[in-house]
Amino acid sequence: MRRSAGVWRVASPSGPPALLNDIVALSPDEAWAVGQTSDHPVIQHWDGTTWSAVTPPRPASLIGAGLLGVAAVSPSAALAVGGGYDRLAGQEVPLIQRWNGTNWAAQDPGPWLRSGYVLTSVAMFTADEAWAVGHALPGGPIALRWDGAQWIRIPAPGPDRGRLLAVAGIAPDDVWAVGTTGSGALIMHFDGRAWRRERCPSGRSSLTDVVALPDGSAWAAGGDGLLHWNGRRWRRVDPGLGSVNTLAALSPTEVWAAGGRGELARFDGEKWHRADSPAPLDGAAVWLGAASVAPDTVWMVGSQRTGGSGGSATLHSVTALTQED
């Protein structure tokens, strides 16, 4: 099995044990990772040498507050999204944090969008063009568009139990969002005018990540396999992993997939090749988020299982894995 010409290195972020859910990389020396520890959202920054932790503010009434998605287009423009449960209001509340190059600050989604849902993923195209997706409880899929001045809710077709878990795109008029209907996979596409639900192979309970590529292809991950969009239809692909949670793509011929037992696989444009995380992460890492930056850097973030008989106990220790030629 061909792993790659590069070397995987482990880089542990600073601060207390936490769970990292997502990561975005602007260059080999600039990356952001987000997650949560206890009831607090966590933001980590990579400067090319070390990770440094940021604890963004949150309303004191929130329970289980965390950040689930992050995106960036420049060192001075980034967004992070998530949510928590407001025990005083008795409902879910979205979290949006915005980076302006100097600090992270909470962003108000507007009076009509302040409660009743959580956000799970965000994609940015410019500082004034972004999408955030999530779900209402109840109420189904949520899709919000940032136009540089305000967040606007755009109707997203889907069942009341549907949830959107990831969003990605190559242009504002070519955006993919994936998740679950509650009983099967949910895939939607935005063509610049409206969201449309796409037909997808059956038998998949949820899709947890999606990447879009400049050649018009796309990959979606979830459960025990992958789906591939060839420009005309989605088809099922087996990468040889027991589970697949997240994806990163450097190009159509360099795609990485990662799962819940330290498993990795690489697509070389023709075949998927199985790989493993280096010890002690092999069999113990739960990879939840991934990112890539040209020409040759790939990041994986998540948590690490530790302790317990049979490895059943879990300590939410953050781990970051990077591969560079």
Side-chain angles (χ1 to χ4, degrees), residues 19 21-22 34-36 41 62-71 79-86 90-96 109 113-123 130-146 151-169 175-190 194-212 218-227 229 234 243-247 259-260 286-290 302:
L19 174 69
N21 296 308
D22 198 16
V34 299
Q36 63 196 85
L62 285 193
I63 299 173
L67 293 170
L68 300 174
V70 62
L79 289 167
V81 301
Y85 183 78
D86 191 322
Q91 59 186 340
E92 301 289 337
V93 175
L95 295 177
I96 303 176
L113 298 171
R114 286 177 180 155
S115 62
Y117 65 100
V118 297
L119 295 171
T120 55
S121 182
V122 61
W131 281 98
V133 301
H135 54 272
L137 297 172
I142 295 285
L144 305 183
R145 188 172 190 173
W146 171 251
W151 288 97
I152 303 168
R153 182 172 179 178
I154 306 297
D160 289 343
R161 293 193 302 160
R163 294 182 296 162
L164 290 176
L165 301 175
V167 62
V175 186
W176 291 100
V178 302
T180 178
T181 63
S183 59
L186 177 62
I187 301 179
M188 296 196 300
H189 183 259
F190 183 77
W195 285 100
R196 184 179 66 183
R197 186 171 171 180
E198 296 286 337
R199 184 177 180 180
C200 61
S202 61
R204 196 169 303 278
S205 60
S206 65
L207 294 169
T208 53
D209 202 4
V210 62
V211 294
W219 292 89
D224 60 357
L226 298 173
L227 298 180
W229 172 257
W234 288 95
S243 66
V244 187
N245 296 332
T246 188
L247 292 160
V286 181
W287 300 122
L288 299 174

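All heavy atoms count here, side chains included; hydrogens, waters and symmetry mates do not.
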Could you check whether the rings of Phe190 and Trp195 sit parallel, tilted or perpendicular, using 30° and 60° as the cut-offs?
-> tilted
Under 3.5 Å, side chain of Thr181 to main-chain N/O of Leu186, donor-acceptor pair present?
-> no
Minimal heavy-atom distance between Ala143 and Trp131, with the atoms involved, is CB-CZ3, 4.0 Å
Close side-chain approach of Pro157 to Met188, heavy-atom, < 4.5 Å | yes
Pair Asn245-Thr208, side-chain donor/acceptor within less than 3.5 Å | no
Aromatic contact, Trp176 with Trp234 (centres under 6.0 Å) | yes
Flag, side chain of Asp209 to backbone of Leu247, donor-acceptor distance under 3.5 Å = yes
Taking all atoms of both residues into account, what is the closest heavy-atom pair of Gly169 and Ala212, and its distance?
-> CA-CB, 3.9 Å
Which value, rounded to the nearest 0.5 Å, describes the distance between Arg114 atom CZ and Asp86 atom CG?
-> 13.0 Å
Heavy atoms, side chains only, cut-off 4.5 Å: are Pro141 and His135 in contact?
-> no
Val93 vs Leu62, side-chain contact (heavy atoms from CB on, under 4.5 Å): CA-CA, chis, key distance, verdict | CA-CA 8 Å; Val93 175; Leu62 285 193; 4.0 Å; yes
If every non-hydrogen atom of Trp151 is compared with every non-hydrogen atom of Ala132, which pair is closest and at what distance?
-> CZ3-CB, 3.8 Å
Do the side chains of Arg153 and Leu113 get nearer than 4.5 Å, heavy atoms only?
-> yes
Given Ile154, Leu119, Ile152, the one that forms side chain to side chain contact (heavy atoms under 4.5 Å, CB included) with Leu144 | Leu119
Minimum heavy-atom distance between Pro109 and Ile96, given as atom pair plus value | CB-CD1, 3.9 Å
Side chains of Leu227 and Ile187 in contact at under 4.5 Å (non-hydrogen atoms) = yes
Gap separating the CG atom of Leu68 from the OG atom of Ser121, nearest 0.5 angstrom | 9.0 Å
Please confirm whether the backbone N or O of Leu164 pairs with a side-chain atom of Thr120, one donor and one acceptor, at under 3.5 Å?
-> yes
Locate the shortest heavy-atom distance separating Gly66 from Leu95; write the atom from each residue and the value.
-> O-CD1, 3.9 Å
Do side-chain atoms of Asn21 reach the backbone of Leu67 as a donor and acceptor pair under 3.5 angstrom?
-> yes
Check whether any side-chain heavy atom of Tyr117 lies under 4.5 Å from a side-chain heavy atom of Glu92, and answer yes or no.
-> no
List the steps and the verdict of side-chain contact (heavy atoms from CB on, under 4.5 Å) for Val122 and Val133.
-> CA-CA 6 Å; Val122 61; Val133 301; over 6 Å; no
Kindly say whether Gly184 contributes a backbone atom to a donor-acceptor pair with the side chain of Thr180 at under 3.5 angstrom?
-> yes
For Val210 and Ala168 the tightest heavy-atom approach is O-CB, 3.4 Å
Do any N or O atoms from the side chain of Asp22 and from the backbone of Val70 form a donor-acceptor pair under 3.5 angstrom?
-> yes
